[in-house]
Amino acid sequence: ETGVTQTPRHLVMGMTNKKSLKCEQHLGHNAMYWYKQSAKKPLELMFVYSLEERVENNSVPSRFSPECPNSSHLFLHLHTLQPEDSALYLCASSQSLASSYEQYFGPGTRLTVT
Amino acid sequence: AQTVTQSQPEMSVQEAETVTLSCTYDTSENNYYLFWYKQPPSRQMILVIRQEAYKQQNATENRFSVNFQKAAKSFSLKISDSQLGDTAMYFCAFMKHATPDKLIFGTGTRLQVFP
């Protein structure tokens with residue numbers, strides 16, 4: 001296990017539900033990332049936070065809402081998702097944005113939207 | 001825009017043998033990083049090896065080594081003395097140097113190591 005944890009590991013939700021994914025890093029890092037991993041597609045960067053400020057938002061639909069209350073925690077709030085949003089959601093962290101070439105990943109949350 | 005291509009969706013190798021995973025990329029940048037990440041069935045993505053484009057010497061990490069051909073934009077991963085624990089998805093990734101930027105991943109190669 002690395003120093004990045006994610007909960008829950010599995011989540012099934014209906015299209016009208018609201019849920020949140022949580023990521024916590026115990027590495028003292030200052031940058032955190034959300035990725036979406038779909039089958040047979042490259043990992044897609046969704047959001048980047050540095051020192052709790054969002055620095056990247058790759059045209060992600062507004063039904064995904066990130067929150068970074070402090071440098072150790074990152075949330076992804078989900079509401080009115082679509083079945084095509086079913087995927088593995090990975091969180092990662094790095095010492096800083098400048099060292100984003102070395103990211104540490106969490107185990108992911110497998111999300112199924114029904 | 002940068003792209004990363006992994007043309008081998010699946011590969012298999014027998015334990016103790018050597019296997020090479022292919023990766024090509026497209027970029028107009030001169031300074032960048034290349035990576036190989038491993039994602040075992042437990043899904044924790046782990047950095048296996050990193051190569052800086054300005055370094056001509058191929059990176060090595062124990063049983064893992066790369067063949068970096070900058071002109072050909074090729075970055076293959078060689079795993080020597082394969083072990084059962086090497087069974088995983090392997091992702092090749094690219095990042096521009098200097099400015100913080102995003103990792104561009106390939107679609108991955110699923111490697112199965114057989115006893």
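Chain letters run A, B, ... following the sequence lines, proteins first, then strands; residues in each count from 1. These numbers were taken from a predicted model, which means no experiment stands behind them.
Following chains of ILVMFWY side-chain contacts shorter than 4.5 Å, one can reach B/Phe64 starting from B/Val66, so the two form part of one hydrophobic cluster. A continuous path of hydrophobic side-chain contacts links B/Met11 to B/Ile49 [ILVMFWY only; heavy atoms under 4.5 Å].
Side-chain contact between B/Gln39 and A/Leu90 is present, with at least one heavy-atom pair separated by less than 4.5 Å. Counting only heavy atoms from C-beta outward, the side chains of B/Leu103 and A/Tyr33 never approach each other to under 4.5 Å. Residues A/Gln103 and B/Met95 are in side-chain contact: their nearest non-hydrogen atoms beyond the backbone lie under 4.5 Å apart. Looking at B/Lys102 and A/Val48, their side chains never come closer than 4.5 Å, going by heavy atoms from C-beta outward. In this structure, the side chains of A/Lys41 and B/Thr107 stay at 4.5 Å or more apart for every pair of heavy atoms.
Within 6.0 Å of atom CD in A/Glu84, more than 12 heavy atoms from other residues, nucleotides or ligands are found, so the atom counts as buried in its surroundings. By the neighbour-count criterion of 12 heavy atoms within 6.0 Å, atom CZ of A/Arg54 is densely surrounded, having more than that number from other residues, nucleotides or ligands.
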Intermediate values then yes/no, side chain to side chain contact (heavy atoms under 4.5 Å, CB included), A/Gln37 and B/Phe91: CA-CA 12 Å; A/Gln37 184 177 15; B/Phe91 293 94; 3.1 Å; yes

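Close placement of the B/Tyr37 and A/Phe105 rings is indicated, their centers lying within 6.0 Å of each other.
Contact annotation for B/Gln6: neither backbone nor side-chain heavy atoms come within less than 4.5 Å of a heavy atom of chain A.
Taking chain B as the reference chain and counting heavy-atom pairs below 4.5 Å, the highest number among A/Leu43, A/Val55, A/Leu88, A/Leu45 is found for A/Leu43.
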